[in-house]
Amino acid sequence: MKLYRRNFLKAGMAIAAGVAFKPFKSWSNINSLPSDAITKPIVISTWRFGINANADAWEILREKGRALDAVEKGVQRVEANPDERSVGYGGRPDRDGNVTLDACIMDEKANIGSVACLKHIKHPISVARAVMEKSPHVMLVGEGALQFALHHGFPKENLLTNTSEKEWREWLKSSDYQPVVNIENHDTIGMIALDIHGNLSGACTTSGMAYKMHGRVGDSPIIGAGLYVDNEVGAAVATGHGEEIIRVVGSHLVVEQMRHGKSPQAACESAVRLILEKFKLREKDYSTTQIGFIALNKSGEFGSYCLQKGFNFAVFDEKNGNRLLDAGFLVK
Ligand code: ASP
């Protein structure tokens, strides 16, 4: 305890004396790259709804805006769309009929904000940003997150659409809960962007798994699991079976692999491989589950990989425009 205190004091004195702390290890090539070798701005996001989200984010990026503003605006488009049944308004409810939302956001200075199990607010990503900018905390959940949102002027709304309610009532007849992730009952919009100033930010928002237990929180609002940004290195965001992504702290793992020299593609692949190993270690069936990562580094190189065939992601940059790409997959 004493030793800890002494070191702590020493560190404090060093800060006071203006001694610069060197980051542990950064992805240093970037500083020596000529600026025309860097693709920026660029935004990438998960699934086909990423195309529309990218288009909104691009409006900010092309005007030399901040990556943080771009990713917030981009994912808001999906949150507000009742036809997207796995994010925000219109998202499928938990088994008790509550639409509960998870979201987080991270900027280039390692500022973070997150909400989990938030009800009644259409834009959880903006509440996460408010937690980051207007509270002394980094994460608020449930009733406390709702109170905070209302206090900051977010309107209270009913997020359960007629379609979602009808489907849920149908589901209640069997109440057969299979936390199997397939294209129909999940999907998170995760977005990462590099702006013209060379700064990275990311956002991640979801209604999580359909008919989950009330109070279930997935990876999406967990900094390090659903999203991670290190402005020296790169950024990553995850989608798919949240419990499995949390188990390996997936997005942080991808960024750390990039820190140690891997390309975004290779980093995503190694994270998916580790998740598969954990399934095997626990002797669990992975044949019906999905995990996907997307990653972007400081030079605007991107990559993506998933467990099963079927994950796609959207990329927007000036040279090639906005396009949907299929991710490579591990289980053949
Ligand atoms: N990762 C989300 C969750 O587990 C769902 C998804 O992206 O498919 O809540």
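Please read all numbers here as calculations on a predicted model, not as lab measurements. These values consider heavy atoms only, across backbone and side chains, with no hydrogens, waters or symmetry-generated copies. Read the numbers this way: they start at 1 and go in the same order the structure lists the ligands and their atoms.
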Worksheet entry | For Ser220, atoms of ligand 1 separated by under 4.0 Å from a heavy atom | 1 (N), 2 (C)
Worksheet entry | Any N/O pair Gly240/ligand 1 closer than 3.5 Å | yes
Fill in: Per-atom contacts of ligand 1 with Gly242, taking only distances under 4.0 Å to non-hydrogen atoms
4 (O)
Worksheet item: So Trp171 and Tyr211, would you call those rings parallel, tilted or perpendicular, with 30° and 60° as cut-offs?
Response: parallel
Discussion item. Treating Gln290 as the side-chain partner and Leu307 as the backbone partner, does any N or O pair qualify as donor plus acceptor under 3.5 Å?
Written reply: yes
Fill in: Under 3.5 Å: N/O of Thr188 near N/O of ligand 1
yes
Worksheet item: Is Asp187 in polar range of ligand 1, meaning some N or O pair under 3.5 Å apart?
Response: yes
Item to complete: Quick one: list whatever passes ring pair (Phe, Tyr, Trp, His ring centres under 6.0 Å) with Phe316, sequence neighbours left out.
Response: Trp58
Fill in: Stacked cation flag Lys284 on Tyr286, 6.0 angstrom / 45 deg
no
Worksheet entry | Under-4.0 Å heavy-atom contact with ligand 1, by part of Arg216 that carries it | side chain
Item to complete: Identify, by atom number and element, the atoms of ligand 1 in contact range of Asp219, meaning under 4.0 Å from any of its heavy atoms.
Response: 1 (N), 2 (C), 3 (C), 4 (O)
Item to complete: Could you pull out all residues at least two apart from Phe293 that satisfy ring pair (Phe, Tyr, Trp, His ring centres under 6.0 Å)?
Response: none
Discussion item. Out of all atoms in ligand 1, which are within 4.0 Å of some heavy atom of Thr239? Include the element for each.
Written reply: 6 (C), 7 (O), 8 (O)
Worksheet entry | Gly88 versus Val99, closest heavy-atom pair with distance | O-CG1, 4.1 Å
